[in-house]
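Each chain gets a letter, A, B and so on, in the order its sequence line appears, and its residues count up from 1.
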Amino acid sequence: MPEIKASSVEPGKKAKISNTGILFIVLVVLFALFSYVGRPFFFSTLNLVPMLNNLSFIGIIAAVLTMVMVSGDIDFSIGGNIGLTACLVALLLSKGLPGWLVVIIALCGGAIMGAFNGFLATVIGVNSIIATIGTMFIWRGIGYTLSNGESMLAMNPVIDYIGRGFLFKVIPFPIVIFIVVFVITYVIMNLSKWGRRIYAIGTNPMASYLSGINVKKVKFVGFLLCGITASLGGLILTSLSAVGMPQHGQGLELVIISGIVLGGTALGGGKGQILGTLAGILILSVLYNFLTIMNVYYFYIQIVQGSVLVLVVATYEIRQSRALKRV
Amino acid sequence: MAKPEKQYSGFKNFLRTPTPTLIGLYIVMIIIFTIADKNFLTVQNFRGIFNNFAVFGVLASGIMVVMLAGGFDLSIGSISGLVGIVSAVLMMDKFGVPTPLIFVIAIVIGCSVGLINGLIITKIGINPIITTLGTLAIIRGVCYFWANQNPRIYNVFIQGFGRKFIADIVPYTTIYIIVFFIILALILKFTRFGRNLFTIGGNETLARLAGIPVDRIKIITYVISGFFCSIAGLLLISQLGSGRPEYGTGAELEVLTIVVLGGVAVGGGKGNFFGVFIALLIIGSIANGMVMLDVPIYLRQVVKGVLLVLVISIDALRNRRNLQLY
Amino acid sequence: GCKTTTTTTAAAETTAAAETTAAAETTAAAAETTAAPTETTAAGGYPAYEALREAAKANKEYPGAPAKDFSLAFTNIMGGIPFCESVWKNVQDQWKLAGGDPNKLYYADNQYDATIGLKNADIMLAKKPSVLINFQFDSKVNSIIGVKFGAANIPIIAVDVPTPGAPFMGVNNFKVAYMAGTEAIARVEAMGGIDKIDKIILMQMPSGGEVTMLRSEGFYQAFVDKYGADVIDPKTVRADGGAGEAEQANKAMTDVLAKNPDAKTVVLTSINEQTMSGVIAAVQTAGRWDPEKFIVITQGCDATGQQQLRDGLTDASIAYFPEKYGEYLIPGSVALMQGQPVPAFMYVENQVITKDNIDQFYPKS
Amino acid sequence: MTDNNGIVLKMENITKIFPGVIALEDVSIELYKGEVLGILGENGAGKSTLIKILAGNYIKDSGSIYVDGQKFEIKSPSEAMASGIRVIYQELNTLNNLSVAENIFIGEQLVKGPFKIVDWKAMTKKAGEILGSLNVALDPNSVIGDLSISEKQIVEIAKAISKDAKILVMDEPTAALSEEETQSLFKIIATLKSRGVSIIYISHRLKEIFQITDRVVVLRDGKKVESIKTKDTNANELVTLMVGRDIKEMYPKREVPIGNTVMEVKNLTADGFKDISFKLKKGEILGIFGLLGSGRTSLVKALFGANKVKSGEILINGKKVDIKSPKMARDEKIGLVPLDRKVEGLALHLGVKENITLANIEDLGKGFLIKKQLENKKAQMWIEEMGIKTPTMDQEVNSLSGGNQQKVVLAKWLESGSKIIILNEPTRGIDVGAKIEIYKLMQNLCEKGSAVIMISSELPEILSIADRILVMSKGKMTAEYSRKEASEENLLQSACI
Ligand SMILES: Nc1ncnc2c1ncn2[C@@H]1O[C@H](COP(=O)(O)OP(=O)(O)OP(=O)(O)O)[C@@H](O)[C@H]1O
Ligand SMILES: Nc1ncnc2c1ncn2[C@@H]1O[C@H](COP(=O)(O)OP(=O)(O)OP(=O)(O)O)[C@@H](O)[C@H]1O
Ligand SMILES: [Mg+2]
Ligand SMILES: [Mg+2]
């Protein structure tokens, strides 16, 4: 009988330094490099704090979408959700509703959108890629219809605070939301029973179902949370821009999914880390910020971001196949 | 030999695909649109619909081959954009490259990029969605190298390539799509290569164990996809009369929607061209139908989304019995 | 006409106030200023600016290299588009003429996306430029950008789309569209009046926001003012031409043509030249192209537009002269750097370009 | 070259190391022309690894392989196939979307004409012939996804014999086959043998080993322990060699006092079976016997809430229950060890630990969070109690051998506190040692007050382990025997009604 060792290694992680670890090393190296090359602009609170602010709404959605993706699904409708939420918020404010009520309604709207996606994916049993491409059109189309295509100022003390307020007068509120959401999702995914179910379902839904896990419920809740978070993201973006417009969030799904994938989440489900997602979106964001500081044209930035995505994921694969070769 | 209990026919298997649902739905759509506007069911309109989905149809041919083998290609829009802008620039007076050579160069570009995708995916082993998400961005970035050029297409042959009609009725592009679909369908059904695609898409390990050269075949599928991107790129500049670096942006999502709607499994191993063709008709007719119905501009996206969700939901419900338990 | 004056010091104050009201007002102002002078600012009142303009117009080095110790940020509405590339190129050239250090000319591409626009504004703010030239598609989103830069005491010049509280340079979208409409009406009359016209097709860009929509709605308004809504509305078709690119417009036009098989005489306009190139290709493909019966008026007259005019595809284009934007923007910026006032509105001289006068404005190279 | 005494294949000093496991250490085997060589060994002994190396599926760490006396570096499956080596893998390798005929000819479709057009007619015909020779009634056009696991296994066999092979390897080909089908396969093996094909045959069923092999190689813990002529040995000796100790009793049966009825099924009807009624008592092992497709799997899935019940009722401890999902079944303390553990039983890419606690995540801590030490303790306990061979509790279950995987599935249900445990072919593909352990475990459970339902196709097993045996045929219950009444004859007779 061989000795059974309990190691602290998480499921799916085998190498000595995890991929997430490598990613954070890459991040630190890039950060140091950029601080030097991009001096004096890059490494300054004047630059980094707004960067994090602008990242916050993408980050929180990425964190929750990671949960959905680990469970083997995907949600393409997040961008549409943001657009619809932004228009809804501006419209309701223009009707004179109090800010707190608008926030509640917006989050409920997100919950409804998420629940609808979840309904399609679990109850009806539609492939979530195509279901959420469909709802992406629906949400954004409703946003356009609500606003009649116009952007609307969305100013109100409560809404302003969400994206532009400060906690204790120093910490920007979006960054607070960002940190809170990441901590919560980290706890759920890595320490909780719910997270275990998510990983199990992503790995083998059939076996999970036959082990008494309510697969549909777990998946449904994932979509629900994703909807709520996307509308929270919509609220933040509305506040950051002081404007509700149906274009808000356009194309963000690919940005967010790139970040998640860069963070090591597998598309088929079962594999992925919240910290990886954090590192992934930070890297993409830092890259954009630095290259823009360096006056690089957008299409070069695109080339760099695409290459980084391929290179980093290539590193994962090479590491993994090395591990296998040693086999 | 005893008589088998279960007898199978091709028709029964056809009934299990989403195609019947799609056909049913399309008939309903035709009826609604025809009632709404007498101009819907006309030659003139269908010429337009067919021409409008030509690029998607050509791209669908390629992505379908890739997807059958379990792959994915998100870079199709970018590749066709690259082919388009480069070909258009080469056609400018200052370069004056002859037409046949344009075709050769276009195809070489498309196939080479496909080859690169294929090599990264198989040799490094990166997930195809991620690889092509990366190359999608990279190639689009490269397109903008020619942003300051402003090529318009005067080449009569290229102009006609994506725009002419036979007997003023059947668009050339329709012929291309039908020919491509038939050739590919035949390849899929009647060649070892085609059958191997299904094996690889169904179970890659199994395919390797069966001695099928999985990597080589996968690379070929990306080259094929690249080839169709070349054709699509040429069609784009032909139909639009000019070259621009942004052509083909977002095509991947549209094409993906079409092929998945047409019954191609995202994991691979399942799909048929007939279904994809009907899906093309459906997606192609939705936008047109909304113009016919005078749906307000801002509502059109909603209608399109609702229709999409409806189609796939009906299909899912119809196949309830095959539905997994979870 | 309305001639609000704004000085650098006032700019900061107004931007601070912008948060509540200014934003809404200025967009309204955008529409109001339809009646604004066609010619640029009247001389006098802005001596520093006027002097710099002289040098800029003459394409000569500005006396005393006035931009030498300053930095300038420029955010472009959508890099890669010929129009925007022309603006950017002229800004660069003029900055050099003004003695500016190319390394202190900061650039970012807003990608027709408000989220990216905000992000870029923040990055530019971190670089603390002396002036920001803000070219971003949504005027309301611009108000928050204005507030941020106002708080940092960095003046802004808005390009084509207003930034509340900041001097404005470029075209008045509504006005130009109205001009295009007037130009079209002249041709309609020449054809024998509005009764001869079957359809007026507006190829729009809903995703471009309301300022962009003015480019076709102004056109429509000119027709309504002339013939009345009850005559025009039944003839008007609004189509979604996508994101200002040829592809979607081409498809939309194909569908519109099929819906209106009897439309022979057609008035066409679109938000930019690229869109129109796709629209025309659709008409040609449908076999319905007849230059005599299609009245095609475009806006922008960038390289694509010039070629279309020369090819006889379009009848007229309202030139925005993007290649001259820098001649206003850099003098304006430099004046602001020097603490000198600049006009609240620096309109470019819009010009109707036709096949007849194109060589005069854009000599063949 | 035939000057090496008819040795077709020689594998010399093969070593293969996986992370934490030495799967093979210095193993050498020889295979003669026209010989059937049996390979025996406990779960995890390295049998599958050895043949995967031969098939080019794994790359060996050291050692050499000679085919026909020529040294042969096998780098890929296609190379192995090209030199006449064909393998039926232990894991099923069929494509669910494709037809039977196509599955048989995967990668080697029959073609005709100069353009190598796939010849569907010929494929269907040839497939029909091959299936006919195996004596099974399967339509070559049927879609594999519709077939049962045993029918799929037959297709696998048909695939392997569809083309002439020099060396044919079969890794537990009969694990899912009925007696009749097994005998048809043996006839084929005899024919092939007479044609000079050499066959490597891996099985845990000693009866089969004695019936068809000429020689046996026994592996234990990755090492070769013996190579012996079949006729010179006996079952006891082989078992002792495999396990490394004496096995006194193959089917250890202990008498456990039978208690009250814990589950009662009344006129249950669902897809696949009709009008089934029976009672299950505390401390009892209830066997269900039947031929392929008799409805046993459908029945237990319905009991477990994974198939929809159409009519009838289920009572647990006298209380009527309405089990609509496996979750509800689990809450009623019912556990199911499924037929196909890789698809239905395990999350293959998670660790042993995670799989053990999979059905009882709720109990991993008080509130929302998982208590790691608690989980480790539980996993540790089950790994020890069940004797699961794994380097660490975080090892991916994927890399465990079949028997150990099965133990993990069982541990999962024990961990969730199941009182009624349903096992569908629990010993399929499991070695003698592990089998005995599982029998013992089942009886331990009974002693502790649980009740067990066991589906089995192995007559000796069901006859000796079950206290009572239900027989099903064509979806109906045809007989019920007590342990004393039951015999091979009457079971088979009732199963064929
Ligand atoms: N891919 C792999 N990665 C890591 N370990 C592996 C892998 N495949 C097999 N092993 C290990 O190698 C050892 C031998 O496994 P193998 O599958 O060859 O056993 P076997 O004799 O075929 O057992 P069974 O009778 O259960 O099929 C086992 O300990 C197993 O856990
Ligand atoms: N959901 C279903 N709908 C219709 N028929 C079904 C369904 N499930 C099973 N059947 C049929 O019912 C019969 C019994 O199947 P089942 O799988 O229960 O047999 P089994 O004896 O348990 O098989 P095995 O020996 O493989 O365990 C088969 O003919 C099968 O095709
Ligand atoms: Mg004309
Ligand atoms: Mg084995």
Go through the atoms of Ile145(C) and report whether side chain, backbone, both or neither lie under 4.5 Å from a heavy atom of chain A.
neither

If we ignore angles and hydrogens, is there a donor and acceptor under 3.5 Å between the side chains of Tyr288(A) and Asn120(C)?
yes

Who wins among Phe57(A), Tyr297(A), Tyr298(A) for the most heavy-atom pairs under 4.5 Å with chain C?
Tyr298(A)

Check whether Phe137(C) gets within reach of chain A through its side chain, its backbone, both or neither, counting any heavy atom under 4.5 Å.
side chain

Any salt bridge between Lys251(C) and Asp255(C), counting N to O under 4.0 Å?
no

Contact between Lys140(C) and Met245(A) at the side-chain level, heavy atoms closer than 4.5 Å - yes or no?
no

Between Asn142(C), Leu125(C), Asp113(C), Thr115(C), which shows the greatest number of heavy-atom pairs under 4.5 Å with chain A?
Thr115(C)

Toward chain C, the part of Glu150(A) with a non-hydrogen atom under 4.5 Å:
both

Applying a strict 4.5 Å limit to non-hydrogen atoms, the region of Phe299(A) in contact with chain C is neither

Taking Thr275(C) for the side chain and Ala246(C) for the main chain, is one N or O donor matched with an acceptor at less than 3.5 Å?
no

Check each atom of Met152(A) against the heavy atoms of chain C and say whether the ones under 4.5 Å are side chain, backbone, both or neither.
backbone

If we define contacts as heavy-atom pairs under 4.5 Å, which of Asn47(A), Asn295(A), Val243(A), Leu252(A) has the most with chain C?
Asn295(A)

Donor on one side chain, acceptor on other, Tyr325(C) and Asp160(C), under 3.5 Å
yes

Using the ring of Tyr144(A) (Phe, Tyr or Trp, six-membered ring only), decide whether Arg140(A) places NZ or CZ under 6.0 Å from its centre and within 45 degrees of its axis.
no

